[in-house]
Amino acid sequence: MHPVFCYLCRMQHATGLKFELQHTAAGSAARAATIATGHGVIETPVFMPVGTAAAVKGIYHRDLAGEARASIILANTYHLYLRPGMDVLRQAGGVHKFSSWDGPMLTDSGGFQVFSLAGVRKLSEEGCRFSSHIDGSKHLFTPENVVDTQRIIGADIMMAFDECPPGDAPYDYAAKSLGLTHRWLERCFSQFAQTQPLYGHPQALFPIVQGCTYEDLRVRSAEFVQQFGAEGYAIGGLAVGEPAPVMYRMIEAVNAVLPQDKPRYLMGVGTPVNILEAIDRGVDMFDCVMPTRNGRNGMLFTAEGMINIRNEKWRNDFSPVDPDGEAFVDTQYSKAYLRHLAIAGEMTAAQIASLHNVAFYLRLVRMAREHILAGDFPQWKQMMVEKLTRKL
RNA sequence: GUGGCUGUAGUUCAGCUGGUUAGAACGUCGGAUUGUGGUUCCGAAGGUCGUGGGUUCGAACCCCAUCAGCCACC
């Protein structure tokens, strides 16, 4: 257990995560590190496949761990709260046992979902009232009950309940929203301090930096959240329509403030290039639906560029899906066969492409880690960025 | 042989009493997707309306002939 300073009681607390910085790259803010959790060690930089409903769509846990070598996956508080519901999660003994994923897990708080897909919602100081996208039933999320819910789900890392303002929010709204997110954060940590993990393994709570694309708000937010002495920090509200250079500038501004000795998690990002650029700027953790969602729709990421497997050009291409890939789907199946499956609407097309993409993302961050440790990350990144943006 | 029905996009079909550039779905081709409501979303190409005449200012539509398919009856 690793002691951290508690914002509420002004004392050192034993908590769940142990972050060890191994190497920082020369000429870059990139870092290689390890994060020890109650369910195993995560090597960073890391990509966390998104498993909204405690399932990474289309991929067996066996392949996630064995083929893609995922070390940590996400689940979502909003979705699990609505279905199957907390009574099931509690009876199952938490999400690890329920889903039979024995490695580290992280739950998003549902803040993003409430603002992106729930029906009519009403925001107040208290929290957010919304109606379920499944049956229209009405619910209230507050910082307190979202922490409670995440205690019941039992992921190793929980996320604070934040407001996600739209990407094009004007300054006044962004500033007002940020104030609310910060007040909610105090309540999240208060509830966190007053509650205990339910299943015998420790849980960490990450605050989320907001502030849209306004650098002064981002800096203010980073300064505010870091005083909680959290075990890790997230950057939210990016990759929501702003140009990539703006996103990179925000990351630089925030990471200049966040503590060096804690993991930094860029939420919801992104493309392979986005991830490399963010690693270069000192981000350690990522999640994104892109490898699975785009995979379901026939888009493959490879080290040589992007492939739309439905394109006619692959019709008679019997070469492997990705000769450089390490997952069994990469070499067992041909492009022509995968194209056929995708066009025929076969379920396996989505499965093969999802596994390929997730394996590719994880391999990319593993390679990034190796090059950070080897000391040539900036040069390698430069070479990769050029290749990754090609369309095959 | 006689009578009837049907021929419109690759496919299945709409298409009003004759009235602009003949539509849809599926298929084909291409694009999108960033803390997952995704078999999703967006776009494009594709037609000498079976063929040949005729009527009309104007025909997928009306008339004649003809070809093809299906049905019924001798």
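Numbered from 1 within each chain, the chains take letters A, B, ... in sequence-line order. Nothing here was measured: the structure is a model prediction, and the numbers come from that model.
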Please work out if [X] contacts a base, only the sugar-phosphate, or nothing of the nucleic acid, heavy-atom cut-off 4.0 Å.
X: A:N274; value: base
X: A:Q210; value: base
X: A:N311; value: sugar-phosphate
X: A:D108; value: base
X: A:G111; value: nothing
X: A:I343; value: sugar-phosphate

If I take atom [atom1] in residue [X] and atom [atom2] in nucleotide [N], what distance separates them, rounded to the nearest angstrom?
X: A:Y361; N: B:U33; atom1: OH; atom2: P; value: 11 Å
X: A:E312; N: B:A44; atom1: CD; atom2: P; value: 20 Å
X: A:I309; N: B:U39; atom1: CD1; atom2: P; value: 19 Å
X: A:M290; N: B:A32; atom1: CE; atom2: P; value: 10 Å
X: A:Y248; N: B:U34; atom1: OH; atom2: C1'; value: 11 Å
X: A:R296; N: B:U34; atom1: CZ; atom2: C1'; value: 13 Å
X: A:E277; N: B:U34; atom1: CD; atom2: C1'; value: 15 Å
X: A:K313; N: B:U28; atom1: NZ; atom2: P; value: 18 Å

**Asked** Should we count CZ of A:R90 as having more than 12 external heavy atoms under 6.0 Å?
**Response** no

Between [M] and [N] - [atom1] atom distance, rounded Å:
N: B:A9; M: B:A60; atom1: P; answer: 14 Å
N: B:C63; M: B:U17; atom1: P; answer: 14 Å
N: B:U51; M: B:C67; atom1: P; answer: 15 Å
N: B:C41; M: B:U34; atom1: P; answer: 15 Å
N: B:A45; M: B:G30; atom1: P; answer: 15 Å
N: B:A59; M: B:C64; atom1: C1'; answer: 15 Å
N: B:G15; M: B:A25; atom1: C1'; answer: 15 Å
N: B:U8; M: B:C62; atom1: P; answer: 16 Å

**Asked** How long is the gap from CG on A:L64 to CG on A:L362, to the nearest 0.5 Å?
**Response** 8.0 Å

Please determine, for [N], whether a Watson-Crick or G-U wobble partner exists with both distances under 3.5 Å, and give it or none.
N: B:U66; value: B:G50
N: B:G58; value: none
N: B:A44; value: B:U28
N: B:C73; value: B:G1
N: B:U21; value: none

From the options [options], select the nucleotide whose nearest atom is closest to the side chain of [X].
X: A:M299; options: B:U34, B:U33, B:C29; value: B:U33
X: A:R293; options: B:G31, B:U33, B:U28; value: B:U33
X: A:N294; options: B:U34, B:U33, B:G31; value: B:U33

**Request:** Ignoring hydrogens and angles, tell me if any N or O in the side chain of A:E277 forms a donor-acceptor pair with the backbone of A:N274 under 3.5 Å.
**Result:** no

**Message:** Judged by each residue's nearest nucleotide on RNA chain B, which is more toward the 5′ side, A:R339 or A:D162?
**Reply:** A:R339

Would you tell me if any nitrogen or oxygen in the side chain of [X] comes within less than 4.0 Å of OP1 or OP2 on [N]?
X: A:R310; N: B:A32; answer: no
X: A:N297; N: B:A32; answer: no
X: A:N308; N: B:C29; answer: no

Would you say the side-chain atoms of [X] and [Y] include a donor-acceptor pair closer than 3.5 Å?
X: A:S221; Y: A:H182; result: yes
X: A:R296; Y: A:Q351; result: no
X: A:D148; Y: A:Q191; result: yes
X: A:D102; Y: A:H61; result: no

**Prompt:** Is there a path of hydrophobic side-chain contacts, each under 4.5 Å between heavy atoms of I, L, V, M, F, W or Y residues, that connects A:V385 with A:V365?
**Reply:** yes

